[in-house]
Amino acid sequence: MSNTVPSFFVYGEPDRPIDLGFLHVETVMERKSLHAGRVSAHKHNRMAQITFWTKGRGEYFIEDRRLDFVAPAVSFVPSGVVHGFTVAPEESDAIVASIADGALPPIAALSVLPVDEAVMVRGQSGSRLWPSLTATMQRLLDDYQAGQMRPLGALIAVALNDIALLGQKERAGEREGRDLALAFRRLVDRHFRENWPIGRYVEALGTTPHLLARACGASHGRSLKAVIDGRRLIEAKRLLVFTIRSVEDVGYEIGFRDPAYFSRFFRKHAGAPPGEWRAGQAQPSRRGEVNEPSPTV
């Protein structure tokens, strides 16, 4: 096994000098016989690449980052950056545009995407920018195959701008998701005693069930119901440990009108009925150990 990362001209072809204005466009599966869907770590010493996944799913890696994706997805990798992928060849494909470093400066002058940084954009399949990028990359491939070389630089600049805008939207979406998840958690803190259904949280936050569930899963690693149940459980534990209120009263305080239902809820998540759990906490070594519930709650 080699102890160096191989450098290719295009995948599977030995590295060689290239013209300053060199541009090359092809699909990933044109070289399926060489890689069968698994491209090991490699780099291009004098050439950047756009890889636009038009269908399929898999894992793409850039240096030490492992990035799962479902098409559409797109990456830009500058020269010298190690990359590769694993996909199912019978159901995946991508358009790859290779651009010589010498051809990049005039293209970069027309683009807002930094051409010295690797980037991959995934998700957001509903964004209007994906059809635009799809049309641009398909035109790039068609013109290259037809020998129409003059428009290629301008088309690559358009593609790079779309990648930059998609990246901005992805980062903005991540921030919005974190803010939404935090707002949900704060609402739960205020209203968990009132037995609000999920729909009422959705309405109060002015969002949709799908967006709220996605934000909650990404930020808290739990479902909406699990976050609410977890907040009720920690409050029940606090009341059982630090007050002398009856088990029924504790259940009532956190929104359970049926003591039997509260007992089943508590046992399911704490491993013991509330009275038994409270007795265990009365041991000197256990006092004060009211921990945040685990993500499985």
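What you are looking at is a predicted structure, and each value in this text was computed from that prediction instead of being measured.
- Residues passing the side chain to side chain donor-acceptor pair (under 3.5 Å) test with Thr27 are Glu30, sequence neighbours excluded.
- Annotation: salt bridge (charged side-chain N to carboxylate O under 4.0 Å, His left out) contacts involving residues 38-67, sequence neighbours excluded, comprise Asp15-Arg46.
- A pairwise comparison of heavy atoms in Leu104 and Ala48 identifies CD1-CB, 3.9 Å as the closest pair.
- Applying the ring pair (Phe, Tyr, Trp, His ring centres under 6.0 Å) rule to Phe9 yields the partners Phe22; only residues at least two apart in sequence or on another chain are considered.
- In terms of the side chain to side chain donor-acceptor pair (under 3.5 Å) criterion, residue partners of Arg193 (sequence neighbours excluded) are, by chain and number, Glu235, Glu253.
- Residues in residues 199-220 take part in no salt bridge (charged side-chain N to carboxylate O under 4.0 Å, His left out) pair, two or more places apart or across chains.
- Glu117 is linked by a side chain to side chain donor-acceptor pair (under 3.5 Å) to nothing, counting only residues two or more places apart in sequence or in another chain.
- Using a 4.5 Å heavy-atom threshold, the side chains of Tyr60 and Val77 count as touching.
- Under a cut-off of 6.0 angstrom, the local environment of CG in Leu34 is crowded, with over 12 non-hydrogen atoms contributed by other residues, nucleotides or ligands.
- Formation of a donor-acceptor pair under 3.5 Å by the Asn161 side chain with backbone atoms of Ala157 is found in this model.
- No side-chain heavy atom of Pro78 sits under 4.5 Å from any side-chain heavy atom of Asp116.
- When all heavy atoms are compared, the tightest approach of Ile244 to Arg278 is C-NH2, 4.1 Å.
- For the pair Val96 and Val25, the minimum side-chain heavy-atom distance is 4.5 Å or more.
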Check: residues 134-144 side-chain donor-acceptor pairs under 3.5 Å, at least two apart:
| from | atom 1 | to | atom 2 | distance (Å) |
| --- | --- | --- | --- | --- |
| Thr134 | OG1 | Trp130 | O | 2.8 |
| Thr136 | OG1 | Ser132 | O | 3.0 |
| Gln138 | NE2 | Asp142 | OD1 | 3.0 |
| Arg139 | NE | Asp143 | OD1 | 3.2 |
| Arg139 | NE | Asp143 | OD2 | 2.8 |
| Tyr144 | OH | His24 | ND1 | 2.9 |

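- With sequence neighbours left out, the side chain to side chain donor-acceptor pair (under 3.5 Å) criterion links Asp101 to Ser79.
- Judged by distance alone, the side chain of Asp93 and the main-chain N or O of Met29 form a donor-acceptor pair under 3.5 Å.
- Closest heavy-atom contact between Ile62 and Val119: CD1-O, 4.3 Å.
- When all heavy atoms of Ala215 and Ala181 are compared, the pair lying nearest together is O-CB, 3.6 Å.
- The two residues Ala41 and Val82 make their nearest non-hydrogen contact at CB-CG1, 3.7 Å.
- When the ring pair (Phe, Tyr, Trp, His ring centres under 6.0 Å) test is applied to Phe85, the partners found at least two apart in sequence or on another chain are His35, Trp53.
- At least one side-chain heavy atom of Cys216 sits less than 4.5 Å from a side-chain heavy atom of Val227.
- Side chain of His42 to backbone of Phe8: no donor-acceptor contact under 3.5 angstrom is found.
- Considering all non-hydrogen atoms of both residues, Ala183 and Leu205 come closest at CB-CD2, 3.6 Å.
- With a 4.5 Å cut-off on side-chain heavy atoms, Val70 and Arg122 do not count as touching.
- For residues 16-26, the salt bridge (charged side-chain N to carboxylate O under 4.0 Å, His left out) pairs, not counting sequence neighbours, are Glu13-Arg16, Glu26-Arg31.
- Under a 3.5 Å cut-off, the side chain of His269 and the backbone N or O of Arg267 do not form any donor-acceptor pair.
- For residues 254-265, no pair satisfies side chain to side chain donor-acceptor pair (under 3.5 Å), with sequence neighbours left out.
- A 4.5 Å side-chain heavy-atom check between Leu211 and Thr208 finds at least one atom pair inside the cut-off.
- Arg232 forms no cation-pi arrangement with Phe262, by the criterion of a distance under 6.0 Å to the ring centre and an angle within 45° of the ring axis.
- The shortest side-chain heavy-atom distance between Ile228 and Trp196 does not fall under the 4.5 Å cut-off.
- Ring planes of Phe256 and Phe265: tilted class, angle from 30 to 60°.
- For Tyr252, the OH atom counts as loosely surrounded, since its 6.0 Å shell holds 12 or fewer non-hydrogen atoms of other residues, nucleotides or ligands.
- Evaluation of the ring pair (Phe, Tyr, Trp, His ring centres under 6.0 Å) rule for Phe76 yields no partner, not counting sequence neighbours.
- Aromatic ring orientation, Phe266 versus Trp277: perpendicular (interplanar angle above 60°, classes split at 30° and 60°).
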